[in-house]
Amino acid sequence: MMRIPDAEHDDLHLGDRALIVCDIDEVVLEFVAPFQAYLIHNGYELRPRSFRLTGNVFALEDGSETAQAEVDRLLEAFFAEQDGWQTPVEAAADSLARLADRADVVFLTAMPPRHRAIRRELLSRHGFDYPMIATEAAKGPAVRALHGERKHPLAFIDDIFINLHSVRAHVSQTLLINLMANESFRALAPHPGEGVEIATGWAHAETLISAHLDRPAA
Ligand SMILES: [Mg+2]
């Protein structure tokens, strides 16, 4: 089984109970809206034309499309300064606090581990005091490494379908929830596929997860 490298995570001590693995960008922290604001600040704009960043970023000065390498550079700079830009997703902190009475919560973010410290501080500032794993590896094996053969209920929340499908492939009994805060990009998203619940927001996600936790172990 995969081991999660120490450099990528906070202290992880799971209790003998259910587990909720939760993405960060677009799930507990706004990403698209603050990144759009960051781009404007730097002379670019992100237009919601399709469900991706690359190809949808343009220079404000002449309207030219921004190349992948420059989008990558802007994204890297944004993550380095995220604490000045990213804000909590509505109702996320309250919903997670209620769910955390019944289940362990672990954040799993597909962000380069070098930005862990700044994100850790930002999360704690907004009351998200749950351990975080920051990794660029696939999410399915990471969830499998966390949960192992335990019989407890498991829920996974993410805005990106490839991550939901990765977890589905590695831990088949997981409740999979697609949640995306940004309405413009949510409207452009492809259907997440079979076996994935689409949550309209945190109230809906909390209802789905609570019902899953109430279910007797298989
Ligand atoms: Mg995300």
Side-chain angles (χ1 to χ4, degrees), residues 4 8-10 20-39 46 48 50-54 56-57 71-72 74-76 78-83 85-93 95-96 99 105-116 118-120 122-123 126 128 130-143 146 154-171 174-193 196-202 204-206 208-209:
I4 302 164
E8 296 183 355
H9 66 84
D10 302 329
I20 298 167
V21 180
C22 186
D23 178 37
I24 293 178
D25 290 305
E26 278 302 312
V27 176
V28 300
L29 292 178
E30 298 276 353
F31 168 78
V32 172
F35 188 54
Q36 283 176 314
Y38 180 83
L39 288 174
L46 171 62
S50 61
F51 194 71
R52 57 208 283 267
L53 296 179
T54 303
N56 290 330
V57 177
V71 174
D72 289 348
L74 288 160
L75 198 54
E76 171 68 19
F78 175 76
F79 278 136
E81 296 176 41
Q82 59 184 274
D83 58 338
W85 296 91
Q86 291 191 271
T87 53
V89 169
E90 187 184 358
S95 280
L96 280 176
L99 291 165
V105 175
V106 174
F107 289 133
L108 178 57
T109 183
M111 182 190 68
R114 60 183 168 276
H115 303 303
R116 251 185 73 204
I118 193 168
R119 171 150 288 186
R120 178 69 271 161
L122 174 60
L123 289 168
H126 293 295
F128 296 114
Y130 312 105
M132 175 182 65
I133 303 165
T135 178
E136 291 178 290
K139 290 199 175 184
V143 172
L146 260 181
L154 173 63
F156 176 72
I157 313 157
D158 206 293
D159 60 313
I160 303 294
F161 308 146
I162 194 168
N163 296 332
L164 291 157
H165 296 173
S166 174
V167 172
R168 181 173 62 193
H170 286 85
V171 199
T174 312
L175 171 69
L176 300 168
I177 296 182
N178 175 220
L179 190 154
M180 179 165 207
N182 188 270
E183 285 182 31
S184 305
F185 274 88
R186 195 199 311 151
L188 294 166
H191 191 276
V196 179
E197 302 279 354
I198 303 172
T200 53
W202 266 102
H204 187 199
E206 185 180 347
L208 293 166
I209 294 167

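One-based numbering, in listed order, for ligands and for the atoms of each. A quick note: this is a predicted structure, and the numbers were derived from the prediction, not measured.
When all heavy atoms of Val89 and Leu29 are compared, the closest pair comes out as CG2-C, 3.6 Å. The two residues Cys22 and Val27 come nearest to each other via the heavy atoms SG-CG1, 3.7 Å.
Among the heteroatoms counted here (N, O or S) of Asp159, OD1 is the one nearest to the Mg ion (ligand 1). The nearest N/O/S atom of Asp25 to the Mg ion (ligand 1) is O.
Residue side and main chain included, Asp23 places an N/O/S atom under 2.8 Å of the Mg ion (ligand 1). Put simply, Asp158 stays out of reach of the Mg ion (ligand 1), with no N, O or S atom under 2.8 Å from it.
Using cut-offs of 30° and 60° for the angle between ring planes, the Trp85 and Phe78 rings count as tilted.
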Task: Steps toward side-chain contact (heavy atoms from CB on, under 4.5 Å) verdict (Leu154, Phe156) - done: CA-CA 7 Å; Leu154 173 63; Phe156 176 72; 5.8 Å; no
